[in-house]
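Right, one structure below, let's go through it.
Per chain, numbering begins at 1; letters A, B, ... match sequence-line order.
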Amino acid sequence: MTNYSSILALIQNTALLLAMALFFDTTIQYWNIRGKYIKQVLFGILLGGIGIVLLNTPWIYGEGLVFDTRSILLSLSGLFFGAIPTIIAMIMTAVYRFSQGGAYVTGISVIIVTSLLGIGWRILRKGNLTNLKWWNIYLFGIIVHIVMLLLMFTQPINVALPLLSKISLPIMIIYPSASLLLGLLMQNRVRRDTSLQEIKKSRGRLKSTVDILQNLTEDDQSFMRFALEEAVKLMASELGFIFYYSEKTKQFSLCAWSRKAVDFCEVSEAQTVYDLEKTTMLGEPIRQQKPIVINNFNLDNPMIKGFPTGHLKLSRVLEIPVWVDHQIVAVVGVGNKAVDYDDEDIDQLTLLMELVWKAIDRKRTIESLRISEENYRQLFNQAVDGIFITAADGSNVEVNDSGCEMLGYSREEIQSNLKEILADNDPTLNIEYNVKEILSGKIIVSERTLKTKSGSMIDVEITTQKLNDGRIQKVVRNITERKRADQVVLQTQQELQALLYTSDNSRKALLSVIEDQKEIEEALRKSEQSYRSLFENITQGFALHKIMTDESGNPINYRFLAINPAYEKMTGLIADNTIGKTLLDILPDIEPSWIEKFGTVALTGAPIHFEDYTATIGKYYEVTAFCPEIGYFAVVVSDITERKKYELDIQNFNLVLENRVKDRTAELERANHELESFSYSISHDLRAPLRSINGFSQIILEEYSENLNPEVNHYFDLIRQNATMMGNLVDDLLNFSRLGRQSLNLVKVDTAALVKEVVESAKTDINSQNIQIEMVNLPEVKADAVLLRQVFVNLVSNSIKFSRTKDEPKIEIGFETQIIEDGMFHAYFYVKDNGVGFDMRFYDKLFGVFQRLHRAEDYEGTGVGLAIVDRIVKKHGGNIWAESVINQGTTFYFTLGEPDNGE
Amino acid sequence: MENEKVEILLVEDNPNDVELTLHALKKSHLTNNIHVVRDGEEALAFFFGNPDNILDKKIPGPKVILLDLKLPKIDGMEVLRQLKGNPATKSIPVVVLTSSNEERDIVETYSLGVNSYIVKPVDFAKFVQAMHTLGMYWLMLNRPLQD
């Protein structure tokens, strides 16, 4: 019974372990996908379940020999399922074992240690289980179970030792073997699965390759895009990119982003060109010259710094450089594979991209071949020359249209009878011999005369050569016209020679013509030389231009034909860089009006002249543009900066002067104004006290004189007289000062009438003194009538006053004109008396204010009258002077205005 | 003195001139009803008193106003302007009696509507003569505007 049940338990254990293997078998296909933690946890719970069932069905070998296969289950689970499921199973089993009680410490430690051994070995092998050898697994079983047996010592020694002696042998025989069997089973499954994946991958690669090559017909860009999508798919990646790289410019330019990446990328206005220096991750394959794998993607990685915000989130990236002719021409990258990129991925992507570039290269080669073939075909068809291509033996004739046309034969006729038509069978031409030479690579050119189908003869030049493909090409050029022209030249030459040699005279004549020609040439050369020297040395800038016009004849630009050194110096344009260029080449931003201006000169021939200022160099130029020949214009430029500077200086100086004059005028006006208010006050305030003095003295004299003694009366009389005198002085003085500010009111004045009036008003004195008045030659003049009258009043009253003592007083008032030199004449008024005269020693006091030359008791007066006269005369721009002899008389002369053609 | 009885209003600030003027007028027996004010303000107050009812008040003015130009406070030119600018007073004859012989004063006063312009002579005899003529003309010969 016990035996039976022990066998049953053994079978049950075996079955449970096989269940684990089966479970592994069915789940392995999901196993390679990482990150599926929920699945792993589920597997762990299932394994734990199996473990618990195992604990419930121990295999009882004999008395006290109770086994279960948990050590095998957990160690192999650790090795094949990995950490997470195993640890879950381990915990579940351990907890269950704890609930069973008994020697649970030993039981639990066996559970934990065997699990960890399995996990540990898996980690040690980095999960690579396919190449495990059978003895590896067996050895693993032995180690696991030796450790398990050693754990028996966790029980008291008296329990452990007997137990070990009983179970060691059977366990070490059965358990490693069971582990080996089960392990091989599971490893086999792993191997199968790996092979399956390999097959899948190669199939994918094959499919991609085929797809890529099938898509080769599209244009490069779409092809690249397609290839990239294929690569992304093949690499089980989420996204990918291709950037072209130029070693010359050290720049990347975007070729393609995979569709998904474009959808996700949110960088606004993503660049398409990047400088190598500025790239981080992208530039690494260039800098390190090898593929780059980044599996741990965090932003501290220096290779990926500086990603723009909005950039696609990356978790893993593989980048490879693409080499063509020992140069990197592109960087291709894929990213966000679910698991890490490994060496195999690098190889895969590298191989794929090599294929892509080779395909593209081949495509381009084919394309360029096609184009070159097309070009050749076009050349062949459109050439003016006839082209004939044959196989080396003369068969398979190809001929172009020109060939047919030139010879007048149809294509078929030529194909069947080329040799005859081209006269290749003409024995005189030795063609057979030539064919050998041609086949050895020599190019033969021969001239011959052919007969066209219509019977006319044409001269041809035939160039025969071997083509690269071994065929022979004949290019037939019609040189009939050339021949004829040559003939004419030859004939002319002969005629000329004949002419030269037939007559000595004519030869001489000819020679003299040649001599003349030489002389003319010499003169021309000299003129050219002097022109050249002038051109080179003149200080004015000179430039010659040809105008350029649009279809409607409007000037749009001009071309520099010549510029001289002075022009170079003035404008900074260098002849070597300028001549032959157009204005718009040199100054693209020039105003169109500038061209129009010169265009008018060149097209109409009307010269222009203007001044121009160049602010950048602070220079003024005087520019004259003229037209030496319609369509051309020349400019002569003079630097007038100096002159302009002077002009500006003068302008500034004038301005300063003007301002100064303004200031002075203002000052004068102010002074004048002050003077005016001053004299106004005088006229008002100075006279008031005088009036009082005079008034009260007068009242006393009139009303109280009887009560006063005669002396007091006399003194009051003197006071009154002086006050009156003072009043007169003030009035005169005011009149005098008023003259200064009065402006002249010039009108035509009849001086004869004026003087008559003056004399009339002085009638009383004149009559009482019996004075003879004479008026001589008084003219009409332009003067201020009021003032001129004042002059005559003062002078005449002066004369009356000083003639008082004379017996036969006479006053002459006249006008005289004296011719002085050079046709100029001197015209003046005069007032002449025969009065007391004055001492000419005091002449310089004569016209001074308050200056008197006589005693007041002899001749009353304020001493202002002549000063007023002087001032009026001067105000008219004239002059006054006097001549006097004591006791014989005085003559006053005055002019109005400068001595000139006179008044 | 009642305004109604004033025949001559003398506007003169200089006391000497006042005395001389009065003396000269006395000589021509024209001293009745002479009223003297000593500046422009007083002169205007004589006519208008309270400036608020200028237009309503009907003033039977003096027969002539003798007005000096150079006056304290409000000058003669301004007094003239106000008198001649007011309908109530503009018909009263104004004679400017001044020391100023300035052309511009003469021009301005006439433009304001002065009736006569006399420069006070320094010689008192001439002054007396002038005052006599003046008084005779304006008080005896001139027929003023009747109410």
Side-chain angles (χ1 to χ4, degrees), chain A residues 672-673 675-705 716-745 784 786-787 790 860 862 864, chain B residues 10-31 36 38-40 66-72 75-80 96-109 117-132 134:
Chain A
N672 230 348
H673 187 75
L675 194 67
E676 220 172 303
S677 30
F678 171 70
S679 55
Y680 183 79
S681 300
I682 287 178
S683 88
H684 204 280
D685 297 343
L686 214 54
R687 279 147 52 102
L690 290 173
R691 209 163 44 241
S692 297
I693 296 165
N694 188 300
F696 292 121
S697 312
Q698 182 83 17
I699 291 168
I700 289 166
L701 282 172
E702 281 181 11
E703 297 174 19
Y704 306 98
S705 56
F716 271 117
D717 191 37
L718 288 182
I719 289 172
R720 196 191 51 78
Q721 276 180 28
N722 276 291
T724 308
M725 173 74 183
M726 178 80 177
N728 291 338
L729 271 173
V730 169
D731 285 347
D732 279 353
L733 195 58
L734 281 175
N735 281 337
F736 178 71
S737 82
R738 203 179 290 135
L739 275 178
R741 22 192 178 107
Q742 223 164 322
S743 57
L744 289 179
N745 179 23
D784 187 312
V786 178
L787 296 181
Q790 186 72 51
E860 77 289 345
T862 55
V864 180
Chain B
L10 174 62
V11 190
E12 174 62 72
D13 66 318
N14 187 331
N16 295 331
D17 277 359
V18 170
E19 205 166 318
L20 287 172
T21 309
L22 290 178
H23 191 93
L25 287 170
K26 199 167 88 187
K27 286 198 133 196
S28 307
H29 309 289
L30 293 167
T31 44
V36 180
R38 302 300 298 277
D39 60 44
L66 303 179
L67 180 65
D68 189 11
L69 285 181
K70 207 168 177 221
L71 294 170
D75 73 8
M77 205 66 83
E78 183 57 30
V79 173
L80 179 65
V96 165
L97 200 59
T98 179
S99 319
S100 166
N101 199 13
E102 288 290 316
E103 189 73 15
R104 59 166 191 198
D105 283 346
I106 297 166
V107 170
E108 200 177 346
T109 51
Y117 189 102
I118 292 168
V119 180
K120 297 178 203 167
V122 173
D123 189 330
F124 186 64
K126 288 181 190 164
F127 183 63
V128 171
Q129 183 58 44
M131 289 319 288
H132 178 74
L134 188 150

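- The choice from Leu690(A), Ile699(A), Thr724(A) that makes the most heavy-atom pairs within less than 4.5 Å of chain B is Ile699(A).
- For Asp123(B), the parts lying near chain A are the backbone and the side chain together; criterion is any non-hydrogen pair under 4.5 Å.
- Annotation: the span from Tyr117(B) atom OH to Ile106(B) atom CD1 amounts to 5.0 Å, rounded to 0.5 Å.
- At a cut-off of 3.5 Å, with distance as the only test, a side-chain donor of Glu703(A) or His23(B) sits close to an acceptor on the other residue.
- Contact count against chain A (heavy-atom pairs under 4.5 Å) is highest for Leu20(B) among Leu20(B), Asn14(B), Asp17(B).
- Contact annotation: the side chain of Val79(B) approaches that of Leu67(B) to within less than 4.5 Å [non-hydrogen atoms, C-beta and beyond].
- Interatomic distance, CG of Asp68(B) versus CG of Leu97(B), reported as 7.0 Å (0.5 Å rounding).
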